[in-house]
Q: 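Once you've had a glance at the structure underneath, I'll fire off some questions.
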There are 2 protein chains.
Amino acid sequence: MSGTAERLLDLAEAHIRDRGYAGFSFRELAAEVGIKSASVHHHFPTKAAMAKAVAERYAKRFLASVEAKPDESPDDAIDAYRGAVRRTIQQDGRMCLCGILGAEAGALPPEVTAEVGSFFRRCIEDLAGRVRGPDAYARAHHVIATLEGGLILARACGDIGAFDRAASALYPSTDGRVS
Amino acid sequence: MSGTAERLLDLAEAHIRDRGYAGFSFRELAAEVGIKSASVHHHFPTKAAMAKAVAERYAKRFLASVEAKPDESPDDAIDAYRGAVRRTIQQDGRMCLCGILGAEAGALPPEVTAEVGSFFRRCIEDLAGRVRGPDAYARAHHVIATLEGGLILARACGDIGAFDRAASALYPSTDGRVS
DNA sequence: GTCTATAATTTGATAGAC
DNA sequence: GTCTATCAAATTATAGAC
């Protein structure tokens, strides 16, 4: 993967996370890295292929960032996910890449839809194994859903505090109060 | 509001909920109701104005559908929201209109963003008043976020059961088990 | 309210030179 | 790997007739 290709992925990811799949174009990306749009097709043959590459890279990076620590508690695992998602919106006020693409599922090429589905299944599988207990799967779904929805609220309200309030109720033991 | 204008709103709403703001065009809507795109501008001057009208109508309808019942419990209120959101995805597998638009906030004209923010603030204000208690606002944020994120999961996984699993943990008293 | 016609722009993609 | 040149299609929007 060349340096130019990586920069293109960076820019495409930023645009998708802010404006969705229709929110980036080869021409715009090309201008931002200082080449012509035809040259972008040398790195990624089609828009769908590029979006798929963005999603693959995002999934790999995100899953690495929530990796389990030895002897963690279920609340530690939940907090790893909460922290990872919060960092994304704190850095640039944008959505989770797969969150916005999941919402736009009806507008996506099949290979992108598949990558997004794979991302969420892997997150849930991983998290369910770390929270354990009889309701592990429901709990994993609940955590991921709350975090994705919290991003929507924060963006719609223009207030990152909305994400924090939504996520605070993820720890029933403290009932929303941080010790 | 003429019959044609209502049908245009219906179609625009369906397309936005499936594919986002960029997922509907005046030409496509016109073809679906059997007129020309120029005629759509007679009913709605711009695309932004039309999307705003869609959001206004959606907010009014949704808030009416979750109206408080006399002597309801906090869990009744949460269930009213859960049921209203679940019905939307059950009917056609699509997102909440304001959920997908909130995710796409970076791509929206300002008047649409404003309407989406207003929708979520009204939902949270209403729900917080009905769950009561010291953490009412955090709890209201949490419920709305979980439901919106649950829609994303259901669409990404192609399984409405993902929404139900995410929402099941919304009732701590039963810990995910339905009595 | 609807039409024809059209402007001005943007888009994804390709062919072929260097 | 990047370029020029170009295509075919789609988009939002407007002017003005009926």
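Since this is a predicted model, take the numbers as computed values, not measurements. Note on naming: letters A, B, ... go to the chains in the order of the sequence lines (proteins, then strands), and numbering restarts at 1 for each one.
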Q: Taking salt bridge (Lys or Arg N to Asp or Glu O under 4.0 Å) as the definition, give me every residue that meets it alongside A:Arg57, ordered by chain and number, with sequence neighbours left out.
A: A:Glu6, A:Asp10, A:Glu13
Q: State whether A:Phe24 and A:Lys47 meet the cation-pi test: NZ (Lys) or CZ (Arg) under 6.0 Å from the six-membered ring centroid, and within 45° of the perpendicular axis.
A: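 Yes, A:Lys47 lies over the aromatic ring of A:Phe24.
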Q: For residues 140-159 of chain B, which residue pairs qualify under ring-ring contact (aromatic ring centres under 6.0 Å, His included), counting only residues two or more places apart or in two chains?
A: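 For residues 140-159 of chain B: A:His142-B:His142.
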Q: Using atom CZ of B:Phe44 as one end and atom C1' of C:dG1 as the other, report the distance to the nearest whole Å.
A: 14 Å
Q: Does OP1 or OP2 of D:dT2 have a side-chain N or O of A:His42 closer than 4.0 Å?
A: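 Answer no for this pair, as no side-chain N or O of A:His42 is under 4.0 Å from OP1 or OP2.
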Q: Specify the separation, in whole Å, of atom CE of B:Met50 and atom P of D:dT12.
A: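 So the CE-P distance, B:Met50 to D:dT12, works out to 11 Å.
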Q: What is the distance, rounded to the nearest whole Å, between atom CD1 of B:Ile35 and atom P of C:dT2?
A: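 Taking CD1 of B:Ile35 and P of C:dT2, I get 5 Å after rounding.
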Q: Write down the distance between CG (A:Leu8) and P (D:dG1), rounded to a whole number of angstrom.
A: 11 Å
Q: Below the 4.0 Å mark, does C:dG1 have OP1 or OP2 next to a side-chain nitrogen or oxygen of B:Ser39?
A: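 B:Ser39 to C:dG1 OP1/OP2: no side-chain N or O under 4.0 Å.
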Q: Is the distance between the ring centroids of B:Phe26 and B:Phe44 less than 6.0 Å?
A: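 Centroid separation for B:Phe26 and B:Phe44: 6.0 Å or greater.
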Q: Is B:Asp159 paired with B:Arg165 through a side-chain N to carboxylate O contact shorter than 4.0 Å?
A: yes
Q: Would you mind checking if A:Asp76 and A:Arg130 are paired as a salt bridge, meaning a charged N to carboxylate O distance below 4.0 Å?
A: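 Salt bridge: no.
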Q: Between protein and nucleic acid, restricted to nucleotides 10-14 of chain C and to nitrogen or oxygen atoms under 3.5 Å apart, what atom pairs and distances do you find?
A:
residue : atom : partner : partner atom : Å
C:dG12  : OP1  : A:Lys47 : NZ           : 2.8
C:dG12  : OP2  : A:Phe26 : N            : 3.2
C:dG12  : N7   : A:Arg27 : NH1          : 3.4
C:dG12  : O6   : A:Arg27 : NH1          : 3.3
C:dA13  : OP2  : A:Lys47 : N            : 2.9
C:dA13  : N7   : A:His41 : NE2          : 3.4

